[in-house]
Amino acid sequence: YDRQKALVIDPVLLYSTYEAGNGLDWAYAIAVDQAGNTYVAGGAGSANFPAIGGLQGSLKGTEDVFVTKINANGSGRVYSTFLGGGGPDEGKGIAVDSQGNAYVTGSAGSFDFPMVNAIQGTWGGSGDAFLAKLNPAGSALVYSTYLGGNGQDYGTGVAIDPFGNAYVIGVTFSTDFPTVNPFQAVKG
């Protein structure tokens with residue numbers, strides 16, 4: 001390297017923070033919107049997880065999905081919310097659209113997971129994938145649905161196209177997972 005110039009090995013750290021209570025809390029997914037706000041999704045098992053300004057202010061099960069939106073400079077939360085029912089629920093994937101709606105997928109171990117405008121409003125079995133769309137303020141569900149059959153199913157990632165259509169990827173152990181026009185109709 002040129003000894004006449006400064007050597008920079010690492011980029012500058014813009015911000016770093018904790019997002020947890022005093023129990024077991026896990027972050028699994030991250031997304032950034034056009035304004036630079038950061039969205040984090042995971043599973044929170046802490047009753048004192050910092051839920052502020054969101055849809056669900058308290059832990060309902062042994063573990064609930066959490067969604068946190070952090071402002072662009074990292075100086076504070078815009079909102080942080082639980083999302084779940086009486087069983088173990090985790091957020092495994094998150095995406096955000098150009099209006100600031102957050103789309104979350106993961107595993108719903110709760111038969112009473114919050115449902116709004118659901119495609120599949122009934123829990124399929126021993127745990128289902130879910131897809132939920134939170135409004136830009138994190139204060140309401142635009143929609144939320146189970147995606148699953150008689151076995152364990154979970155979503156691991158979600159993407160949004162320019163028209164607001166959500167695409168979910170994940171794992172199914174169900175022989176009756178709901179499909180529409182599949183190119184493979186039977187579980188392998």
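Note that this is a predicted model, so its numbers are computed, not measured.
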Is the OH atom of Y28 crowded by more than 12 outside heavy atoms at less than 6.0 Å? yes
Which value, rounded to the nearest 0.5 Å, describes the distance between N165 atom CG and D97 atom CG? 11.0 Å
Is the closest side-chain heavy-atom distance between Y15 and I70 below 4.5 Å? yes
Measuring only between side-chain heavy atoms, which start at C-beta, is L134 closer than 4.5 Å to L141? yes
Could you go through the side-chain contact (heavy atoms from CB on, under 4.5 Å) check for V67 and Y79 one step at a time? CA-CA 8 Å; V67 180; Y79 68 79; 4.0 Å; yes
Any donor-acceptor N/O pair, D25 side chain to G21 backbone, under 3.5 Å: yes
Could you tell me which non-hydrogen atom of P50 sits nearest to which non-hydrogen atom of A20, and how far apart they are? CD-O, 3.6 Å
Would you indicate whether I30, at its atom CD1, is surrounded by more than 12 heavy atoms from other residues, nucleotides or ligands within a distance under 6.0 Å? yes
From CG (N150) to OG (S174), nearest 0.5 Å: 5.0 Å
Between F49, Y39, F82, which is the residue that forms a ring pair (Phe, Tyr, Trp, His ring centres under 6.0 Å) with F66? F49
Residue from V158, D161, I160 passing side chain to side chain contact (heavy atoms under 4.5 Å, CB included) with Y167: D161
Which is it for Y143 and L131 under the side-chain contact (heavy atoms from CB on, under 4.5 Å) test, yes or no, and what are the steps along the way? CA-CA 8 Å; Y143 64 74; L131 175 63; 3.8 Å; yes
Do N117 and V142 pass the side-chain contact (heavy atoms from CB on, under 4.5 Å) test, and can you show the C-alpha distance, the side-chain angles, and the key distance before you say yes or no? CA-CA 8 Å; N117 300 317; V142 177; 5.6 Å; no
Derivation of the side-chain contact (heavy atoms from CB on, under 4.5 Å) call for W123 and D112: CA-CA 8 Å; W123 199 44; D112 59 345; over 6 Å; no
Sequence-distant partners of E90, salt bridge (Lys or Arg N to Asp or Glu O under 4.0 Å), two or more places apart: K92
Student check: side-chain heavy atoms of E19 and V40 closer than 4.5 Å: no
Over 12 non-hydrogen atoms of neighbours within 6.0 angstrom of CD1 in I169: no
Distance-only donor-acceptor pairs under 3.5 Å for side chains of residues 181-188, two or more places apart:
| unit_1 | atom_1 | unit_2 | atom_2 | d |
| --- | --- | --- | --- | --- |
| Q184 | NE2 | V186 | O | 3.0 |

Tell me the side-chain hydrogen bond (donor to acceptor under 3.5 Å, both in side chains) pairs involving residues 131-141, sequence neighbours left out? Y103-K133, N135-S139
